[in-house]
Amino acid sequence: MSYDKELYQQVILDHNRKPRNFRAIENASHSCHGVNPLCGDDITVYLNVNEDGGTIDELSFQGSGCAISKASTSLMTTFLKGRSVEEARRIKEEFHKMILGNLDPEKEEHHLGKLVLFAGIREYPSRTKCASLAWHTLVGALDKKFDGVSTE
Amino acid sequence: MPDTSASVAGNVLDVEKIRADFPILSQSVRGKPLVYLDNAATTHKPSAVIERVRNFDAEEYGTVRRGTYKLSERATQLYEEARRNVADFVGAEKSGEIVFTSGTTQAINLVAHSFGKRFVNAGDEIIISNIEHHANTVPWQVLCQERGANLKVIPVNDDGELMMEEYAKLLSSKTRMVAVNHVSNALGTINPVKKITEQAHAAGARVLIDGAQSAPHIKLDVQDIGCDFYTFSGHKMYGPSGIGGVYGKREVWEEMPPYVTGGDMIMQVTLEKTTYAKPPARFEAGTPPITQVIGLSAAIDYLNEIGMEKIADYENSLLEYGTRLFQEIDEVRIIGNARRKASIISFFSDAVHSHDMVHFLDEDGVACRGGHHCAQPTMIRYGVPATTRASMAFYNKPEELDALAESVKKCIRFFS
């Protein structure tokens with residue numbers, strides 16, 4: 001199959017088919033609704049942040065979108081669980097730089113772990129927002145943006 | 001026996017000859033021949049338009065309706081000849097009934113603001129349909145909010161057709177405007193605009209028809225339809241972007257106040273007071289997109305030379321052929337199966353989100369649109385987040401629909 005293996009890797013396809021942490025958290029300490037108005041992707045991210053340690057104890061999402069946006073959100077929830085809010089924000093910045101092509105994970109230091117799977121997005125400017133919606137929404141939740149966030 | 005691609009091609013149009021008129025179509029994308037099927041978003045330009053625009057800018061360009069020197073007089077004459085050409089194309093009686101705008105969006109905003117300011121008051125009603133582009137939804141929503149009026153919506157059946165018996169019930173003495181499209185950009189439905197207009201007029205309401213999708217596909221006759229306004233976009237009918245317009249009945253234009261104000265739309269200006277020019281100048285403030293108007297007129301000449309009836313016949317054969325191909329793909333559901341349709345196939349698959357679909361189609365050189373097509377209320381009505389849309393023009397070949405269908409099947413296999 002000549003299809004773009006760089007972008008649609010098995011892990012991404014797997015998270016698309018079986019998204020992890022795909023549920024709402026009742027009485028979540030933080031949550032946010034995020035949309036991509038250009039394509040209609042629509043997700044809600046839920047978090048429970050431990051007030052003492054500032055760590056993310058629980059993280060989940062619900063919504064609809066393309067494989068890239070679904071897999072990106074699903075992987076984000078598995079990757080950030082147990083990490084500190086500060087760390088999550090730093091990883092968001094690095095992730096964003098990577099998908100815009102401003103951070104080369106093969107040459108520069110980073111804390112992205114398995115999230116480097118999404119590095120191929122930089123070749124497709126029209127898809128960067130699919131991958132970044134989850135992270136914008138996460139930050140919206142942490143910043144208590146009750147009106148939701150948008151990629152535009 | 002289903003038609004083979006070869007028997008569809010060439011029965012009404014010499015498509016290879018036509019394709020030679022469109023330089024952009026001969027390119028490759030990712031090593032494969034470009035299959036351009038996003039014509040409902042924008043169409044490509046024949047050499048006749050590209051050359052006309054180039055020659056006009058190189059040899060004839062000048063300001064219009066201002067200068068008293070030769071170059072300006074010539075440009076003004078060509079500009080007004082273009083208006084006449086557009087008027088004839090849509091079937092208007094008088095050339096002054098055509099107002100140029102940047103496109104359909106601005107055309108509808110112009111009518112909503114200007115007509116609304118003069119004729120829409122608290123408690124009045126505006127009727128749109130459930131299958132409108134956002135450009136024919138949002139301006140009326142905003143107008144209703146501003147004026148304290150109410151927006152009513154004609155429902156659609158499962159095939160994507162307006163429910164005319166429900167429409168009849170929505171009409172009343174409160175209805176000021178009925179604004180519907182001639183062809184739905186998301187589904188391809190051709191609406192019965194003449195009947196819609198007759199019923200609206202019987203209730204005392206005015207009618208705007210959004211013709212953005214119909215102008216390139218159907219022979220137009222605004223006088224036969226009887227509508228009060230008819231809007232269109234140049235870039236969807238093989239002309240330049242940034243130009244379009246709206247036909248309006250002379251007597252309705254006369255009653256309407258300006259929308260954008262400034263130079264060129266005035267009769268006389270003192271520091272205390274301004275009197276306005278007669279239509280169409282009243283609605284064309286500022287220097288218009290002169291070159292684009294000339295380009296639009298060249299596009300109309302090109303379409304007239306081929307003939308809109310022939311174009312419609314050929315595109316219908318493409319639609320039938322493509323529809324059969326998609327009916328054979330089990331994992332795909334066509335959204336919009338109206339009895340009368342323009343050459344648009346909008347489809348949905350549970351297996352693949354439309355953005356992933358169009359990404360994979362692009363890998364095969366096939367350009368389709370995925371998303372809500374600026375028609376979110378339509379997507380909500382059919383319970384889908386988005387569709388993939390193939391919209392065909394008379395320069396498309398049946399073989400290109402074969403390529404599309406193969407690519408769609410391959411993509412579904414990949415994601416399943």
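Just so it is clear: chains get the letters A, B, ... in the order the sequence lines come, proteins before strands, and each one is counted from 1.
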Checklist entry - Measuring heavy-atom distances to chain A, does R30(B) have an atom under 4.5 Å in its side chain, in its backbone, in both, or in neither? => result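 Side chain of R30(B) only, per the 4.5 Å heavy-atom cut-off to chain A.
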Next on the checklist: Heavy atom to heavy atom, less than 4.5 Å: which residues from residues 63-91 of chain A reach chain B?
Outcome noted: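 Within residues 63-91 of chain A, the residues under 4.5 Å from chain B are S64(A), G65(A), C66(A), A67(A), I68(A).
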Item to check | Residues that H113(B) engages under ring-ring contact (aromatic ring centres under 6.0 Å, His included), provided they are two or more places apart | outcome: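 With neighbours one apart ignored, the set is Y259(B).
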Item to check | Donor-acceptor contact present, side-chain H15(A) to main-chain L13(A), <3.5 Å | outcome: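 Looks like no, no N/O pair under 3.5 Å.
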Between [X] and [Y], how do the two ring planes meet: parallel, tilted or perpendicular, split at 30° and 60°?
X: H44(B); Y: Y395(B); result: tilted
X: Y8(A); Y: H359(B); result: perpendicular
X: F414(B); Y: F360(B); result: tilted

Checklist entry - So, F61(A) versus F22(A), ring centres under 6.0 angstrom or not? => result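 Yes, the ring of F61(A) comes within the 6.0 Å limit of the ring of F22(A), centre to centre.
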Checklist entry - Nearest 0.5 Å, what's the OG-CG distance between S31(A) and L142(A)? => result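 Here the rounded value is 11.0 Å.
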Checklist entry - Where on D42(A) is there a heavy atom nearer than 4.5 Å to chain B: the side chain, the backbone, both, or neither? => result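 Interface part for D42(A): neither.
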